[in-house]
Amino acid sequence: TQCSFFEYRGYKVVYRRYASLFFIVGVEGEDENELAVLEFIHALVETLDRYFENVCELDIMFNLEKAHFILDEMVMNGCIIETNKNNILAPVHLLDKAAAS
């Protein structure tokens with residue numbers, strides 16, 4: 001069987017594999033819920049998938065700034081602040097429109 005989290009040097013490491021992509025999150029403290037972090041990873045992947053239309057490693061490699069921007073819309077100061085895909089992608093689409101004009 002495969003476990004999606006383990007402890008390493010005082011951190012909880014939570015990971016999830018989607019096709020060829022691995023998403024890994026390290027969290028401190030005993031208060032963090034591993035299942036909540038797995039849900040966050042899933043929300044991140046769904047958001048990236050919606051933006052890039054079937055996200056793959058090349059999308060992230062060649063659009064790293066966009067991927068970071070999407071992550072920044074979801075997390076602030078280490079706390080998850082937004083998981084709604086429409087709210088996350090609205091400013092990204094505005095930037096795309098501004099860049100196109």
Side-chain angles (χ1 to χ4, degrees):
T1 64
Q2 182 179 1
C3 186
S4 295
F5 43 87
F6 59 92
E7 291 198 25
Y8 181 75
R9 294 187 181 182
Y11 292 94
K12 289 182 185 178
V13 179
V14 183
Y15 65 94
R16 191 155 184 185
R17 180 181 179 189
Y18 289 89
S20 62
L21 297 173
F22 282 88
F23 290 85
I24 304 167
V25 178
V27 292
E28 291 185 291
E30 297 297 320
D31 297 340
E32 291 295 330
N33 183 338
E34 295 90 350
L35 296 177
V37 176
L38 281 173
E39 283 297 316
F40 166 72
I41 292 171
H42 186 70
L44 174 61
V45 170
E46 283 186 332
T47 306
L48 291 171
D49 210 37
R50 181 180 286 184
Y51 181 74
F52 291 114
E53 299 173 1
N54 200 10
V55 68
C56 69
E57 63 273 5
L58 293 176
D59 292 323
I60 295 173
M61 281 176 41
F62 293 118
N63 299 288
L64 190 59
E65 185 175 305
K66 294 281 182 173
H68 280 160
F69 192 83
I70 291 169
L71 184 60
D72 285 343
E73 288 295 312
M74 297 179 78
V75 177
M76 182 182 291
N77 293 328
C79 296
I80 300 166
I81 57 169
E82 184 65 74
T83 58
N84 183 298
K85 290 181 258 328
N86 293 327
N87 293 345
I88 295 163
L89 293 177
V92 180
H93 291 308
L94 284 175
L95 282 176
D96 289 345
K97 285 181 186 177
S101 56

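Along the sequence shown, residues are numbered consecutively beginning with 1.
Applying the 6.0 Å contact sphere to OH of Y11 captures no more than 12 heavy atoms from other residues, nucleotides or ligands.
Annotation: the span from F40 atom CZ to E32 atom CD amounts to 11.0 Å, rounded to 0.5 Å. Expressed to the nearest 0.5 Å, how far CZ of R16 lies from CD of E39 amounts to 7.0 Å. The structure places OH of Y18 at 5.0 Å from NE2 of H42, a figure rounded to the nearest 0.5 Å. Rounded to the nearest 0.5 angstrom, I81 CD1 and M74 CE are separated by 9.5 Å. In this structure, OG on S4 lies 14.0 Å from CZ on F23, to the nearest 0.5 angstrom.
Tracing side-chain contacts under 4.5 Å through hydrophobic residues (I, L, V, M, F, W, Y), one never reaches F6 starting from V27; they form parts of separate clusters.
P91 and N87 make their closest contact through CD-O, 3.4 Å (heavy atoms, listed as atom of the first residue, atom of the second, distance). When all heavy atoms are compared, the tightest approach of V55 to V45 is CG1-O, 4.5 Å. Contact between I88 and E82 at its shortest, heavy atoms only, is CG1-CG, 3.6 Å. Nearest approach of L38 to Y15, heavy atoms of both residues: CD2-O, 3.6 Å.
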Point to revise | H93 and Y51: CA distance, side-chain angles, deciding distance, ring-ring contact (aromatic ring centres under 6.0 Å, His included) verdict | key: CA-CA 9 Å; H93 291 308; Y51 181 74; 5.8 Å; yes

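The side-chain heavy atoms of I24 and V14, taken from C-beta on, include no pair separated by under 4.5 Å.
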Atom pairs and distances, side-chain donor-acceptor, residues 63-70, under 3.5 Å, sequence neighbours left out:
from, atom 1, to, atom 2, distance (Å)
N63, ND2, D59, O, 3.1
K66, NZ, D96, OD1, 2.2

